Participant: 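Encoded as structure tokens, here's the structure I'll be asking about.
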Amino acid sequence: MIKPTLPQGTRDFPPQTLRKRQYVLQTIREVFERSGFQPLETPAMENLDTLLGKYGEEGDKLIFRILNNGLDNPGKHDQAMAGFHQVLEGQNSRAVTERALRYDLTIPFARFVAMNHGQLSFPFKRYQMQPVWRADKPQKGRYREFWQCDADVVGSPSLLYEAELSEIYLEAFRRLGIAVQIRINHRHILAALAEACGGGRLTDITAAIDKLDKVGLEKVMEELARKGFDDAQCSIIRQYLSIEGDNEEKLTATAALLGTHAKEGLTDLRWLLTFLRRPDGSDPLTIDLTLARGLDYYTGMIFEVKALEAVMGSIGGGGRYDDLTGLFGVPGIPGIGISFGVDRICDVIEEKGMFPPSIAAGPAVLFFHLGEAEARQAWQLLLALRQQGTACEMYPEAARFDKQFKYAERRHIPCVAFLGAEEIAEQTVRLKTLATGEQETLSRDAFLQRFARP
RNA sequence: GAGGGUGUAGCUCAGCUGGUUAGAGCAUCAGAUUGUGGUUCUGAGGGUCGUGGGUUCGAGCCCCAUCAUCCUCCCCA
């Protein structure tokens, strides 16, 4: 016999935990649906080719690959051996693995759109809530299997969707009771910065400046110097990172520093901020010029959501991509999407103790088991209660009362019903509310009425 | 991929510089009362101390390895 364990970074979800997750999923789903997004699901696994090269070099390493079946087939022995040698040299081999678990929901969606663009009417708005897998090393807020909730729109370059998705973030986190900061930036601005530094090396720059709030300005500049940026280039980046103030001030300062190269990005940001501006003049979004986001396919506005009042990495992110389906041979379909990190969101709500107590509630009524004959009568009432849509159950045997009470308490069942000899004789039922200890004797009709939904 | 912490009862943990039969609280079960529990009292079950080696007269404690888990860096949701 072996000790049962879970694969690293995966978790079981016992009932109490799952209720919390479902509450989060349901809340987000309602916001998606209300905004006109339609549900979509894709398979847990994709062809490896579909995923490789879409998430950057690091991303490829974190994709869970599925070993092909039948590798022990003697007829294919040589092929398999050759494949393994390729794998050992760090290359991919279809002879060994040709499928992989999905890494996110965006690329599978792009694959879906590329396959079905003839049937879809654009703009196409879909949401998707499914687990994804990453071969990361687990730690706080990081799992190998976790859920994402994505909303994407493809087939329109309109900034109206930047606005719509922003409002979805705001509304969802408002409903969940999480205080967040939603940060935005624009890839064009980052590109303009790289341009001002002589072009190219965009990744080196973004990787370094992304760490600003974590390691501080001086460490960032050290890293850049180490990577071979000269004084003139460092000076520009230093000025860029030194830009502070409110959104308006950041826009102005960036325009002054980067000039025409950044114009398009700045115009987009300004439009979005103005569009979303609240009646009191406040901006619900915050410009963060250091925000880069690792995913290669973003080309326009980028988003990231941080929980305030909680130590946690980002709990959501997204951005616009001009040509995601182009990777699959269908060019010219621009899109934008956002993602909710459900597991981290659950962790934050748990940390803040913000889950509504109601989600722990069990069935409405527990029927006590008072003996074989009594239980038979009570069972009929139980069925009638269920028929009208009220959740209820019966204790399985005529155990001591304290056991039956304790069971009700543990299951968070608020009421218990007694149907014993007396009640049967009088055609009544005795109802006790556990929280208050109150008891009352009701006719069976009145009893059913008590739990009937309005 | 690099580096650290922690593994003792179902859960949370104690266990001294290595020394008899490894403990506590909670939980569970049984009993004291039985058509109304949660307070109280009594008792019981449950641990090859993560696993495998080593040092020692003697290891839960020291050493090595291994596994699991948590955390930090990298990167991310």
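When reading the values below, keep in mind they use all heavy atoms of this one structure, side chains included, and skip hydrogens, waters and symmetry mates. Just so you know, these numbers come straight off a predicted model, no measurement behind them. A, B, ... follow the sequence lines: proteins, then strands. Residue 1 opens every chain.
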Participant: Under a 3.5 Å cut-off for both contacts, is G19(B) paired Watson-Crick or G-U wobble with anything, and if yes, with which nucleotide?
Facilitator: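 The answer is C57(B), by the H-bond criterion.
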
Participant: Can you figure out which of G35(B), C75(B), C71(B) approaches the side chain of Lys137(A) most closely?
Facilitator: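 It is C71(B).
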
Participant: Tell me whether the rings of Phe109(A) and Phe112(A) are parallel (<30°), tilted (30 to 60°) or perpendicular (>60°).
Facilitator: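 Plane angle under 30°, so parallel.
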
Participant: As a test of reading the structure: which of C29(B), C76(B), U36(B) is closest to the side chain of Lys432(A), going by heavy atoms?
Facilitator: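 Of C29(B), C76(B), U36(B), U36(B) is nearest to the side chain of Lys432(A).
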
Participant: How would you label the contact of Glu423(A) with the nucleic acid (heavy atoms, under 4.0 Å): base, sugar-phosphate, or nothing?
Facilitator: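 Result for Glu423(A) = base.
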
Participant: For the side chain of Arg142(A), starting at C-beta, report the closest nucleotide among U36(B), U69(B), A77(B).
Facilitator: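 Of U36(B), U69(B), A77(B), A77(B) is nearest to the side chain of Arg142(A).
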
Participant: Can you tell which of Ile338(A), Val132(A), Asp152(A) makes a side-chain contact (heavy atoms from CB on, under 4.5 Å) with Thr106(A)?
Facilitator: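 Testing Thr106(A) for a side-chain contact (heavy atoms from CB on, under 4.5 Å) against Ile338(A), Val132(A), Asp152(A) leaves exactly one candidate, Asp152(A).
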
Participant: Could you tell me which nucleotide pairs with U66(B) by Watson-Crick or G-U wobble geometry, both distances under 3.5 Å, or answer none if nothing does?
Facilitator: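 G50(B) is the nucleotide pairing with U66(B).
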
Participant: When the ring planes of His188(A) and His186(A) are compared, do they come out parallel, tilted or perpendicular, using 30° and 60° as the limits?
Facilitator: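 The arrangement is tilted - the two ring planes meet at 30° to 60°.
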
Participant: Which base sits across from C26(B) as a Watson-Crick or G-U pair, both distances under 3.5 Å?
Facilitator: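 WC or wobble partner is G10(B).
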
Participant: Applying a 4.0 Å non-hydrogen cut-off, can you work out what Lys211(A) is touching in the nucleic acid: base, sugar-phosphate, or nothing?
Facilitator: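 Counting heavy atoms under 4.0 Å across all strands, the contact made by Lys211(A) is with sugar-phosphate only.
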
Participant: Could you check whether Tyr127(A) and Phe32(A) have their ring centres less than 6.0 Å apart?
Facilitator: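 Distance test on ring centres: under 6.0 Å, yes.
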
Participant: Any side-chain N or O of Gln404(A) under 4.0 Å from OP1/OP2 of G37(B)?
Facilitator: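 No, because none of the side-chain N or O atoms of Gln404(A) sits under 4.0 Å from OP1 or OP2 of G37(B).
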
Participant: Taking any heavy-atom pair under 4.0 Å as a contact, classify Phe368(A): base, sugar-phosphate, or nothing.
Facilitator: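 No contact at all - Phe368(A) keeps every heavy atom at 4.0 Å or more from the nucleic acid.
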
Participant: Starting at NZ of Lys406(A) and ending at C1' of C26(B), how long is that distance when rounded to a whole Å?
Facilitator: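 One finds 12 Å between C1' of C26(B) and NZ of Lys406(A), rounded.
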
Participant: Between Ala421(A) and Gly317(A), name the one whose nearest nucleotide on RNA chain B is closer to the 5' end.
Facilitator: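 Going by which nucleotide is closer to the 5' end, it is Ala421(A).
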
Participant: Taking atom OH of Tyr23(A) and atom CZ of Arg175(A), what is their separation to the nearest 0.5 Å?
Facilitator: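 The distance works out to 10.0 Å.
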
Participant: Which one, A77(B), G38(B), U36(B), comes nearest to the side chain of Glu409(A)?
Facilitator: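 Side chain of Glu409(A) sits closest to G38(B).
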
Participant: It should be established whether Gln139(A) places a side-chain nitrogen or oxygen under 4.0 Å from OP1 or OP2 of nucleotide C70(B).
Facilitator: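 For C70(B), OP1/OP2 do not have a side-chain N/O of Gln139(A) under 4.0 Å.
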
Participant: When the distance from OH of Tyr407(A) to P of A27(B) is rounded to whole Å, what number comes out?
Facilitator: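 Atom-to-atom, Tyr407(A) to A27(B), this comes out as 19 Å.
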
Participant: How close or far is atom P of G35(B) from atom CZ of Arg430(A), stated in whole angstroms?
Facilitator: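 Roughly 14 Å, once rounded to whole Å.
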
Participant: Identify whether any heavy atom of Lys61(A) sits under 4.0 Å from a base atom; if not, whether one sits that close to sugar-phosphate; answer base, sugar-phosphate or nothing.
Facilitator: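 No contact.
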
Participant: Hey, which of Val154(A), Val153(A), Leu105(A) is the one that makes side-chain contact (heavy atoms from CB on, under 4.5 Å) with Arg126(A)?
Facilitator: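 Single pass found, and it is Leu105(A).
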
Participant: Taking 5.5 Å and 30° as the limits, would you call Phe146(A) and the base of A77(B) a stacked pair?
Facilitator: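 So Phe146(A) counts as stacking on the base.
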
Participant: Rounded to the nearest Å, what distance is computed from the CZ atom of residue Phe340(A) to the C1' atom of nucleotide C76(B)?
Facilitator: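 Distance, rounded to whole Å: 18 Å.
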
Participant: I want to confirm an ordering. Mapping Phe401(A) and Glu304(A) to their closest nucleotides on RNA chain B, which one lands closer to the 5' end?
Facilitator: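 Per heavy-atom nearest nucleotide, the more 5' residue is Phe401(A).
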
Participant: Taking the ring of Tyr395(A) and the ring of Phe368(A), is the distance between their centroids below 6.0 Å?
Facilitator: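 No: the rings miss the under 6.0 Å criterion.
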
Participant: With the side chain of Phe418(A) defined as its heavy atoms from C-beta on, choose the nearest nucleotide among U72(B), G35(B), C75(B).
Facilitator: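 Ranking U72(B), G35(B), C75(B) by closest atom to the Phe418(A) side chain puts G35(B) first.
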
Participant: C76(B) P sits how many Å from Arg183(A) CZ, rounded?
Facilitator: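 For the pair Arg183(A) CZ and C76(B) P, the rounded distance is 14 Å.
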
Participant: So what's U33(B) paired with, Watson-Crick or G-U wobble, going by both distances under 3.5 Å?
Facilitator: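 The answer is none; no pair meets the criterion.
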
Participant: Please work out if Gly59(A) contacts a base, only the sugar-phosphate, or nothing of the nucleic acid, heavy-atom cut-off 4.0 Å.
Facilitator: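 Since no nucleic acid heavy atom lies under 4.0 Å of Gly59(A), the category is nothing.
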
Participant: Which nucleotide sits closest to the side chain of Phe405(A): U69(B), U36(B), C71(B)?
Facilitator: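 Nearest to the side-chain atoms of Phe405(A), counting from C-beta on, is U36(B).
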
Participant: What's Leu370(A) touching, base or sugar-phosphate or nothing? Going by heavy atoms closer than 4.0 Å.
Facilitator: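 Nothing: the residue Leu370(A), judged by heavy atoms under 4.0 Å, touches no strand.
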
Participant: Between G37(B) atom C1' and Glu438(A) atom CD, what is the distance in whole Å?
Facilitator: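 Computing the Glu438(A):CD to G37(B):C1' distance gives 17 Å.
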
Participant: Specify the separation, in whole Å, of atom CG of Asp12(A) and atom P of A68(B).
Facilitator: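 Rounded to the whole Å, the gap is 17 Å.
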
Participant: To the nearest angstrom, how far is His412(A) atom NE2 from G38(B) atom P?
Facilitator: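 Going from NE2 in His412(A) over to P in G38(B) covers 19 Å.
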
Participant: For a quick check of understanding: with a heavy-atom distance under 4.0 Å over all strands, which category does Gly420(A) fall into, base, sugar-phosphate or nothing?
Facilitator: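 Base: the residue Gly420(A), judged by heavy atoms under 4.0 Å, touches a nucleobase.
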
